[in-house]
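These numbers come from a predicted model, not from an experiment.
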Amino acid sequence: MPDDALRLDRQPCFPLYVAARMIMRLYVPLLEPLGLTYTQYITLLVLWEKDDIPVKAIGDKLYLDTGTLSPVLKILEKQSLIRRRRNPDDERSVLVHLTAQGRLLKHQAAHIPQAVEAAIRLTDEESKTVRRLLDRFQADAL
C-alpha cells in the first residue's frame, strides 16, 4: 500500500466529517433561542411530519438507537413539547406525540432551513447534487 493512501486529503471521510461539523455549527445559534439541540430538532422534524408514532419509528428514521433517543425524548417531554404513552394496541411499544406547545414550536422554527441553506451558499443545483450523492451513498451503505 503506498503511503499516499494514508494522506488525510485522500480520505473520503474527512471532507464529510468537516462539512458535518461546519453545518452543525450553523444550527447552534438558530436552535439556541428555541432551547433545542440539533438532535432534539431533528426529532421534532420527524414528529412535525407525522405525529403520534412509535419511538422505534423515530429511531429508524433518524438512525438513532434507543439508548441515544430516550434521553432526547425525556428532555423534550420535560420541556412539554411531547408526550409519551404506551401503545394501546401493543404494550411493548411507546407512542410519541406532540403537545400544543410542540406544534407551536414548528412555526417558530420555520425559518431555520432557509437560514442554513443561505449560510451554506450552494446553488439550488449544487444542493440537489450533494443531496442526491449523499442519498445514494447512504442507500448503498445500508
message: For the CG atom of Leu44 and the CD1 atom of Ile82, what is their distance to the nearest 0.5 Å?
response: 7.5 Å
field: Atom CD of Gln114: over 12 foreign heavy atoms under 6.0 Å
entry: no
- prompt: Going only through I, L, V, M, F, W and Y residues with side-chain contacts under 4.5 Å, is there a path from Leu64 to Leu134?
  reply: yes
field: Working for salt bridge (charged side-chain N to carboxylate O under 4.0 Å, His left out), residues Lys128 and Asp124
entry: CA-CA 6 Å; Lys128 286 177 188 172; Asp124 284 346; 5.9 Å; no
- prompt: Judged by modelled atom types alone, do Gln11 and Tyr17 share a side-chain donor-acceptor pair under 3.5 Å?
  reply: no
- prompt: Do Lys56 and Asp60 sit within salt-bridge range, that is, some charged N less than 4.0 Å from a carboxylate O?
  reply: yes
- prompt: Under 3.5 Å, is there a donor-acceptor pair between the Asp65 and Thr68 side chains?
  reply: yes
field: Co-membership, hydrophobic cluster, residues Val116 and Leu45, 4.5 Å side-chain
entry: yes
field: Sub-4.5 Å side-chain heavy-atom contact between His97 and Leu47
entry: no
message: Is there a path of hydrophobic side-chain contacts, each under 4.5 Å between heavy atoms of I/L/V/M/F/W/Y residues, joining Leu62 to Leu36?
response: yes
- prompt: Quick one: does Val55's side chain get under 4.5 Å of Leu73's, heavy atoms only?
  reply: yes
message: I need the Arg83 CZ to Thr99 OG1 distance, nearest 0.5 Å.
response: 6.0 Å
field: Under the salt bridge (Lys or Arg N to Asp or Glu O under 4.0 Å) test, residues paired with Glu77 that sit two or more places apart
entry: Arg84
message: In this structure, would Tyr27 and Leu16 fall into the same cluster of hydrophobic residues linked by side-chain contacts under 4.5 Å?
response: yes
message: To the nearest 0.5 Å, what is the distance between CD1 on Ile42 and CD1 on Ile58?
response: 11.0 Å
Under the side chain to side chain contact (heavy atoms under 4.5 Å, CB included) test, residues paired with Lys61 that sit two or more places apart: Val46, Glu49
task: With rounding to the nearest 0.5 Å, note down the distance linking CG in Leu26 to CD1 in Ile112.
output: 11.5 Å
